[in-house]
Amino acid sequence: MRGQKVSMLLGCALLCSASLLYLGLSGIDCPPPDHAHRHTWADAHLGSTNQSQASPIYYGEDTPLIFIGGFPRSGTTLMRAMLDAHNAVRCGEETRVIPRLLAMRATWSRSARERVRLDEAGVTDQVLDSAMRAFLLEVIIGHGEPAARLCNKDPFALKSLSYLARIFPQAKFVLMLRDGRATVHSMISRKVTISGFDLTSYRDCLTKWSRAVEGMYSQCQGAPEGSCLPVRYEQLVLHPEVEMRKLLSFLGLPWDPAVLHHEDLIGKAGGVSLSKVERSTDQVVNPVNTDALSKWVGHIPSDVLREMDDIAPMLARLGYDPLANPPDYARPDPIIAPKNYTLADDDFLLLSFREQKPYIPVRWRRR
Amino acid sequence: MRVSARRVLTGLLILGGISTLTQFLRFCLPCRQPSQGAGEPVTVLVRDGWRVSSDVPLVFVGGVPRSGTTLMRAMLDAHPAVRCGEETRVVPRILGLKLGWAAEKEGVSTKVLDRAVTAFLLQIIAGHGEPAPLLCNKDPFTLKSAKYLAHLFPNSKFLLMLRDGRAAVYSMISRRVTIGGFDLSSYRDCLAKWSGATQAMLTQCTQVGSKRCLAVRYERLVLHPRSTLQTVLKFLGLPWHEGVLHHEEAIGKPGGVSLSKTERSTDQVMRPVNLDALTRWVGHMPPDVMADMDAIAPMLGRLGYDPRANPPNYGQSDPQFLNNTQRLLRGDFKTL
């Protein structure tokens, strides 16, 4: 009996070591990640059925993509989270690679000499655009769950808004705008590094904010009719339903009340997927709120406050009174339409700010 | 043997123990990523119904610039089944961009990024020229990423052009061919960089394996074109075609060799294969560099180019091609 026990024990030991050896040598396949972010073009439409005979559907230049962007800290994450809550839309986290590739593409076309060299090599604009489209589509499609309307949010991608509109003629663009003072305060107080921005200087950041927003805003205005919608962060958080109805109508999507409660769909399938490394995640897990509207007041150095309009001319152009700390966001000034905006108008409008609206230091109160 | 309940229980317990152990090990042992090749190939629509997938046969020609890469691709272009075309210039750039991304934690998974890079590369490589059974790309520095490309394109092969570094460096300096990272005012710097780049590419080539990467000596190509090209075509799985020995006759022809006016080797590659550039470098190396040659460029010795011989014996030319060089020196082949 003892002999049998020993031999059984030996047998077990042998079995264990054999399986250990086998596993160690052959390796075990890694379990698939929680979110199955591996979607080829085929998966997106054929689902998990074994329709290998059916040819995959090819996304092409007519894909009605949605691009959300704007200056960072302008509510871009909130916007994409609310859209993600819509049952037909999927944006997902920032890809980070898209703006870099777009920037590289911009440098190639800027140099005339390089354009000649590329043309000589057969790498024409048409070839390059096809390549860019293929790359962008693979990233956007593979980045998350399939959806009827695919969307991308990388703030600075809209620095190439005109180019994206050209290569994706059916795309729609949502440009988030916000009072530059709030944006810059958010950047500086939360230490959100953006290359080229000196986080120790409100003056530097506001100057650069103005320039960057001007670039994106003018491209939005210049985009084909009805393809770009500027959305003001303040209006979005003050009147979410009004703004979202306007937005969904612009995007050609039916109303879905879920967009007003994106916080209920975080981490859920078909809902809002958040990134652990993105800087707005801790804010966007909360329902839409007005907490961040006027946090900037009192933090901007007085010399900068005095010269605000010269430092950041886009404030006035976008309808944010540069001398009001803060402006009354509840009564927004209209964005100055470009065709009305001339140098003379600038002075007139500044005057009219002072004449029509006496400066009232209104502190926003929480409801 | 009587099977008692106790024995059965013991047996079950043992099995349970083994399975628990297995599950436990599954988490402890490093798991391997599921084979990337098992995924669907990336397919792009190039133009007018011409679709290309990432499992298409492809050949990448590269090496340190001024090592005969253009000559090799021109000779291949003369083969009816191959189309390389000009340097795309953007292929190495996106590879460089991807390299920078791999280091950081990006918003997209590696698999998605790889697919996106594959799609981009396919569009460029296929789209910048005419269709052909074997598509080819020649951008010299792509061979620094041979391993990555081999992973993206499972049916790709690689041709690494090697040359005596002194000749390559003399060529870039005397012709003022700007190459990123090479200081054209210093033979010492260029030779050292040549050595580093050559070593990197050779390492990649070795890792890809001899079935998929073939190193070709420029000297051997110009001295013995027929036998060298026979080796190359056999490596690529292509039938022999006499036209590869007369690429200059296929320039500008449909299905032939397309040249770029702005590329630096165009004027040379318009002529038939010749020995003109073999030993032109002799007498141009600064004496202090010559004295330290082996220390500056260790790859010279490792590749079999004697660092102290000026020049080394590259070999004897094939008689029929010796004629080409003589005619060249007589001025028989006019260039534009």
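In what follows, chains carry the letters A, B, and so on, assigned in the order in which the sequence lines appear, proteins first and then strands, with residues in each chain numbered from 1.
Contacts of B/Leu97 with chain A are made by side-chain atoms alone, with heavy-atom separations under 4.5 Å and no backbone atom involved. Residue contact with chain A, scored on non-hydrogen atoms closer than 4.5 Å, involves the side chain of B/Thr10 exclusively. If you measure heavy-atom distances from A/Glu114 to chain B, the contacts under 4.5 Å come from the side chain alone. At a 4.5 Å heavy-atom cutoff, A/Ile98 makes no contact with chain B through either its backbone or its side chain. Neither the backbone nor the side chain of B/Leu121 comes within less than 4.5 Å of any heavy atom of chain A. Proximity to chain B (any heavy atom under 4.5 Å) is shown, for A/Ser275, by neither the backbone nor the side chain. Interface remark: B/Arg93 contributes backbone and side-chain atoms alike to the contact with chain A (heavy atom separation under 4.5 Å).
The aromatic rings of B/Phe120 and A/Phe135 sit perpendicular, their planes meeting at an angle over 60°, well past the 30° parallel limit.
Nearest heavy-atom pair across B/Gly127 and A/Val127 is O-CG2, 3.4 Å. Scanning all heavy atoms of the two residues, the minimum distance from B/Val112 to A/Gly142 falls at CG2-O, 3.3 Å. Scanning both residues, B/Val90 and A/Leu118, for their nearest heavy atoms gives CG1-CD2, 3.8 Å. When all heavy atoms of B/Ala116 and A/Val139 are compared, the closest pair comes out as CB-CG2, 3.5 Å. Taking both residues in full, the closest heavy atoms of B/Gln123 and A/Ala134 are given as CG-CB, 3.9 Å, listed atom of the first, atom of the second, then distance. Scanning both residues, B/Val42 and A/Glu138, for their nearest heavy atoms gives CG1-OE2, 3.8 Å.
Here the straight-line distance linking atom NZ of B/Lys98 with atom CG of A/Leu101 works out to 13.5 Å at 0.5 Å rounding. We find the CE-CD1 distance between A/Met104 and B/Ile94 to be 5.5 Å, quoted to the nearest 0.5 Å. Note: A/Arg96 CZ to B/Trp101 CH2 = 12.0 Å, rounded to the nearest 0.5 Å.
With hydrogens and angles disregarded, a donor-acceptor distance shorter than 3.5 Å links the side chain of B/His128 to the backbone of A/Ala121. A donor-acceptor pair under 3.5 Å is formed between the side chain of A/Glu120 and the backbone N or O of B/Lys261.
Taking the charged nitrogens against the carboxylate oxygens, B/Glu263 and A/Arg117 have no contact shorter than 4.0 Å, which rules out a salt bridge.
By the 6.0 Å contact criterion, CD on B/Glu130 is open, its count of non-hydrogen atoms from other residues, nucleotides or ligands being 12 or less.
Between chain B and the options A/Gly122, A/Ala131, A/Ser130, the largest number of non-hydrogen pairs under 4.5 Å is found for A/Ala131.
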